[in-house]
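In what follows, every heavy atom counts, from backbone to side chain, and hydrogens, waters and symmetry copies are set aside.
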Amino acid sequence: AGGIRDMARSIGLASAADAEGAAKDLPRPDLGERTPREVLIAIGNSLRALHGEDYWVRQLMRKIRALPANTGLVVIDDVRTQLEGDTVFM
């Protein structure tokens, strides 16, 4: 979710990006009465629709490939689609 949070901040939606815990599910006036979670999901889905179903997988793989060669395990703590899950377990 880090990439989505970064995107939210870059377009002026820091209140959505920085929400934690139960605050992620509370509607906010500055977000048009949407919850931060709804806004972040909409951003993620929009980027996937615009750049392809594998957009987030490609972003993840780019980051993994940029790690130093001696990097040990990589923990992926947020898998939301079958494609993401299939890629993680390759």
Side-chain angles (χ1 to χ4, degrees):
I4 295 172
R5 289 177 184 271
D6 291 343
M7 178 61 71
R9 285 186 199 94
S10 77
I11 60 174
L13 298 173
S15 63
D18 298 332
E20 295 292 332
K24 290 189 287 189
D25 296 309
L26 297 174
R28 296 184 50 101
D30 60 321
L31 300 175
E33 297 305 324
R34 294 174 72 187
T35 69
R37 184 183 308 276
E38 290 170 331
V39 170
L40 295 175
I41 289 170
I43 291 170
N45 288 340
S46 294
L47 287 167
R48 190 180 294 115
L50 185 63
H51 297 290
E53 193 63 30
D54 65 341
Y55 176 76
W56 292 110
V57 170
R58 287 185 282 121
Q59 300 309 304
L60 171 66
M61 297 309 292
R62 182 179 52 80
K63 287 183 177 183
I64 290 173
R65 285 187 198 104
L67 293 171
N70 64 346
T71 300
L73 295 176
V74 174
V75 176
I76 301 166
D77 66 352
D78 190 359
V79 176
R80 299 192 177 242
T81 67
Q82 186 66 49
L83 176 63
E84 292 172 358
D86 291 345
T87 302
V88 167
F89 292 108
M90 287 176 70

Check side chain to side chain donor-acceptor pair (under 3.5 Å) between Gln82 and all other residues, then give those that pass, not counting sequence neighbours.
Asp86
Qualifying residues under side-chain contact (heavy atoms from CB on, under 4.5 Å), relative to Pro29, sequence neighbours excluded
Glu33
Of all heavy-atom pairs linking Ile4 and Gly44, the shortest is CD1-CA, 3.7 Å
Are Ile41 and Leu31 linked, directly or through intermediate hydrophobic residues, by side-chain heavy-atom contacts shorter than 4.5 Å (ILVMFWY only)?
no
Go through the structure and list residues passing side-chain contact (heavy atoms from CB on, under 4.5 Å) with Leu26, not counting sequence neighbours.
none
Which heavy atom of Ala16 sits nearest a heavy atom of Val39, and at what distance?
CB-CG1, 3.9 Å
For the CD1 atom of Ile11 and the CG atom of Asp6, what is their distance to the nearest 0.5 Å?
11.5 Å
Sequence neighbours excluded, every pair satisfying salt bridge (Lys or Arg N to Asp or Glu O under 4.0 Å) that has a member inside residues 10-19:
Arg9-Asp18
What pairs of residues pass the salt bridge (Lys or Arg N to Asp or Glu O under 4.0 Å) test when at least one of them lies in residues 46-62, not counting sequence neighbours?
Arg48-Glu53, Arg48-Glu84, Asp54-Arg58
Which residue pairs pass the ring-ring contact (aromatic ring centres under 6.0 Å, His included) test when at least one of the two sits in residues 53-74, sequence neighbours left out?
His51-Tyr55
What's the spacing between Leu60 CG and Ile64 CD1 if we round to 0.5 Å?
4.0 Å
Using the rule that two of Ile, Leu, Val, Met, Phe, Trp, Tyr join whenever any of their side-chain heavy atoms come within less than 4.5 Å, decide whether Val79 and Val74 are in one cluster.
yes
Do Leu13 and Ile43 have side chains that approach each other closer than 4.5 Å (heavy atoms only, starting at C-beta)?
yes
Partners passing salt bridge (charged side-chain N to carboxylate O under 4.0 Å, His left out) against Glu38 (at least two apart in sequence or in another chain):
none
ring-ring contact (aromatic ring centres under 6.0 Å, His included) partners of residues 22-42, not counting sequence neighbours, each pair once:
none
Is it true that Val57 and Leu50 fall in one hydrophobic cluster, defined by side-chain heavy atoms closer than 4.5 Å?
no
Considering residues at least two apart in sequence or located in another chain, which fulfil the salt bridge (charged side-chain N to carboxylate O under 4.0 Å, His left out) criterion with Arg34?
none
Considering residues at least two apart in sequence or located in another chain, which fulfil the side-chain contact (heavy atoms from CB on, under 4.5 Å) criterion with Lys24?
Arg5, Ala19, Arg37
Run the side chain to side chain donor-acceptor pair (under 3.5 Å) test against Thr81 and tell me which residues pass, sequence neighbours left out.
none
For residues Thr35 and Pro27, report the shortest heavy-atom separation together with the two atoms involved.
CG2-N, 3.7 Å
Over all heavy atoms of both residues, which pair between Ala8 and Ala17 is shortest? Give the atoms and the distance, please.
CB-CB, 3.9 Å
Any residue meeting side-chain contact (heavy atoms from CB on, under 4.5 Å) with Ser10, in chain and number order, not counting sequence neighbours
Met7
